[in-house]
**Student:** 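Before I ask anything, here is the structure I am working with.
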Amino acid sequence: MFEFLLWPFVIRALIIGIILALSTAMISNFLVSNNQSLIGDGLAHISFTGIIIGVLLSSEPTVFALPFAILSAILIKTLMRNKLIEGDTAIGLVSSSAFAVGLILISKSDGFNRSVESMLVGSMFSTTWTDIILALAVLVLVIGFIVKSYSKLISITLDDQYAKFTGIKIAIYDYALAILTATVIVIGVKTIGTLLISAFIIFPAVSSNMLAKSFKQMFLYSIIINITITVLGIIGSYFLEFPAGSTIIVFHAILFLILYVFTKLKGRE
């Protein structure tokens, strides 16, 4: 029954799935708690165009997609921090403009040789060892940043005015988190897909928040939930012959629905 676990492409899918689950779950808590979850969706659309540019210019699209997404994340944060426009509006302006440019490039380019559908929904079972090494390097960055900045990030997330009063340089951590999010998303877009990677960031924190009684518990539960759902989603997609990224998100949605109903029923007792 478990012979499929011996297939190299399944092993690679499980490895990168667990790596991405860890990275996104850790970032998820700070973004969702700080009402910045939409930045994940915006950066996913921006990464789509970055990868298109990369495909047209190189055999390694990540080399071009990564700086493109990082610069876009800095632009979004600059617009948000200058308070010229609202946060959600800044994300919408930059991401929709970038996404439109990507679609124009596809329509006008004869050299584009990649399936747009695969870029939108991803393809975990086509993961290469190079993808895994890149994802692992990003995970090390995420863990290093979270471990070093955990107390300051919590302070900013729970009360940014108090954090500012205590001398924490909020802008530095704000930009750093946005750049890290852009990096994780660029790596995730290839495997999870442009349309789904943002859900990979939002669901873990939202679901764990329904179970947790503290931020520490929320952080821990989100990691457990994201890894468990990712592994079940990949195995389920193999047997059901569904796209892996889509199956993971559907499993996340089912879990969220169960937790939501459970929380509502418990609240009536």
**Student:** Is the ring pair F30/Y150 parallel, tilted or perpendicular, if the boundaries are 30 and 60 degrees?
**Tutor:** perpendicular

**Student:** Following the transitive rule for hydrophobic clusters with a side-chain heavy-atom cut-off under 4.5 Å over Ile, Leu, Val, Met, Phe, Trp and Tyr, establish whether I154 and I143 coincide in one cluster.
**Tutor:** yes

**Student:** When hydrophobic residues are tied together by side-chain contacts of less than 4.5 Å, even through go-betweens, does F99 share a cluster with V101?
**Tutor:** yes

**Student:** Any donor-acceptor pair under 3.5 Å linking the side chain of S155 with the backbone of S151?
**Tutor:** no

**Student:** Could you measure the distance from the OG1 atom of T49 to the CG atom of L103? Nearest 0.5 Å is fine.
**Tutor:** 7.0 Å

**Student:** Can you give me the closest heavy-atom contact between A69 and A182, atom names plus distance?
**Tutor:** O-CB, 3.8 Å

**Student:** Mind checking what makes side chain to side chain donor-acceptor pair (under 3.5 Å) contact with T89, not counting sequence neighbours?
**Tutor:** none

**Student:** Do L22 and N226 have side-chain heavy atoms sitting under 4.5 Å apart?
**Tutor:** no

**Student:** Would you give the length of the straight line joining atom CG of L153 to atom CD1 of I170, rounded to the nearest 0.5 angstrom?
**Tutor:** 11.0 Å

**Student:** Suppose the criterion is ring pair (Phe, Tyr, Trp, His ring centres under 6.0 Å): which pairs have a residue in residues 181-204, not counting sequence neighbours?
**Tutor:** F203-H252

**Student:** Going through the distances and angles, do Y173 and I168 end up as a side chain to side chain contact (heavy atoms under 4.5 Å, CB included)?
**Tutor:** CA-CA 9 Å; Y173 293 95; I168 296 175; 3.9 Å; yes

**Student:** Do I76 and I46 have side chains that get closer than 4.5 Å, going by heavy atoms?
**Tutor:** yes

**Student:** Quick check on side-chain contact (heavy atoms from CB on, under 4.5 Å): which of I249, T247, L255, I248 does F251 satisfy it with?
**Tutor:** T247

**Student:** State, yes or no, whether a side-chain contact exists between W7 and Y238 at a heavy-atom distance under 4.5 Å.
**Tutor:** yes

**Student:** Can you tell if the side chain of L211 reaches within under 4.5 Å of the side chain of Q217, non-hydrogen atoms only?
**Tutor:** no

**Student:** Among residues two or more places apart or on two chains, list those pairs meeting salt bridge (Lys or Arg N to Asp or Glu O under 4.0 Å) that have a residue in residues 62-77.
**Tutor:** K77-D174

**Student:** Can you see which heavy atom on I185 is nearest to which on A44, and at what distance?
**Tutor:** CG2-CA, 3.6 Å

**Student:** What residues, two or more places apart in sequence or in another chain, satisfy side chain to side chain donor-acceptor pair (under 3.5 Å) together with S222?
**Tutor:** N29

**Student:** For S208 versus Y221, what's the shortest heavy-atom pair and its separation?
**Tutor:** CB-CB, 3.6 Å

**Student:** To the nearest 0.5 Å, what is the distance between CD1 (I91) and CG (L79)?
**Tutor:** 10.5 Å

**Student:** Verify the neighbour count for atom OH of Y162: are there more than 12 heavy atoms of other residues, nucleotides or ligands below 6.0 Å?
**Tutor:** no

**Student:** Any link between L75 and L71 through a network of hydrophobic side chains (Ile, Leu, Val, Met, Phe, Trp, Tyr) touching at under 4.5 Å?
**Tutor:** no

**Student:** Find out if a path of hydrophobic residues (ILVMFWY) with successive side-chain heavy-atom gaps under 4.5 Å connects V186 to L141.
**Tutor:** no

**Student:** Does any donor atom in the side chain of D41 or S95 lie under 3.5 Å from an acceptor atom in the other side chain?
**Tutor:** no

**Student:** Which pairs, with at least one residue in residues 139-149 and sequence neighbours excluded, count as a salt bridge (Lys or Arg N to Asp or Glu O under 4.0 Å)?
**Tutor:** none

**Student:** Quick one: pull up CD1 in I19 and OG1 in T24 and give me the separation to the nearest 0.5 Å.
**Tutor:** 11.5 Å

**Student:** Using the rule given for side chain to side chain contact (heavy atoms under 4.5 Å, CB included), can you reason through F125 versus R12, listing the C-alpha separation, both sets of side-chain angles and the distance that settles it, and then say yes or no?
**Tutor:** CA-CA 7 Å; F125 289 123; R12 289 196 296 271; over 6 Å; no

**Student:** Begin from the C-alpha positions of Y175 and T78 and carry the test side chain to side chain contact (heavy atoms under 4.5 Å, CB included) through to its verdict.
**Tutor:** CA-CA 9 Å; Y175 278 108; T78 302; 3.1 Å; yes

**Student:** Could you tell me which non-hydrogen atom of I18 sits nearest to which non-hydrogen atom of T230, and how far apart they are?
**Tutor:** N-CG2, 4.3 Å

**Student:** Which heavy atom of V189 sits nearest to which heavy atom of S47, and what is that distance?
**Tutor:** CG2-CB, 3.8 Å

**Student:** Quick check: do V184 and I197 have side-chain heavy atoms less than 4.5 Å from each other?
**Tutor:** no

**Student:** Side chains of F215 and S33: does their closest heavy-atom pair fall under 4.5 Å?
**Tutor:** yes

**Student:** Does the T166 side chain pair with the main chain of A163, one donor and one acceptor, at a distance under 3.5 Å?
**Tutor:** yes

**Student:** To the nearest 0.5 Å, tell me how far M26 CE sits from L180 CG.
**Tutor:** 9.0 Å

**Student:** Which pair of non-hydrogen atoms, one from A25 and one from I223, has the smallest distance, and what is that distance?
**Tutor:** CB-CA, 3.8 Å

**Student:** Whether the side chain of S28 engages the backbone of A205 through a donor-acceptor N/O pair (distance < 3.5 Å, no angle test) should be reported.
**Tutor:** yes

**Student:** Is any side-chain heavy atom of F145 less than 4.5 Å from a side-chain heavy atom of L177?
**Tutor:** yes

**Student:** Hey, could you give me the CD1/CZ distance between I235 and F239, rounded to the nearest 0.5 Å?
**Tutor:** 7.5 Å

**Student:** When you group the ILVMFWY residues by side-chain heavy-atom contacts below 4.5 Å and let the links chain together, are I16 and F242 in the same group?
**Tutor:** no

**Student:** Taking the side chain as every heavy atom from C-beta outward, state whether F219 and I146 have any pair of such atoms under 4.5 Å apart.
**Tutor:** yes

**Student:** Show me the donor-acceptor pairs within less than 3.5 Å that the side chains of residues 129-140 make with the rest of the protein, sequence neighbours left out.
**Tutor:**
{"unit_1": "D131", "atom_1": "OD1", "unit_2": "K190", "atom_2": "NZ", "d": "3.2"}
{"unit_1": "D131", "atom_1": "OD2", "unit_2": "T128", "atom_2": "N", "d": "3.0"}
{"unit_1": "D131", "atom_1": "OD2", "unit_2": "T128", "atom_2": "OG1", "d": "3.1"}
{"unit_1": "D131", "atom_1": "OD2", "unit_2": "K190", "atom_2": "NZ", "d": "3.1"}

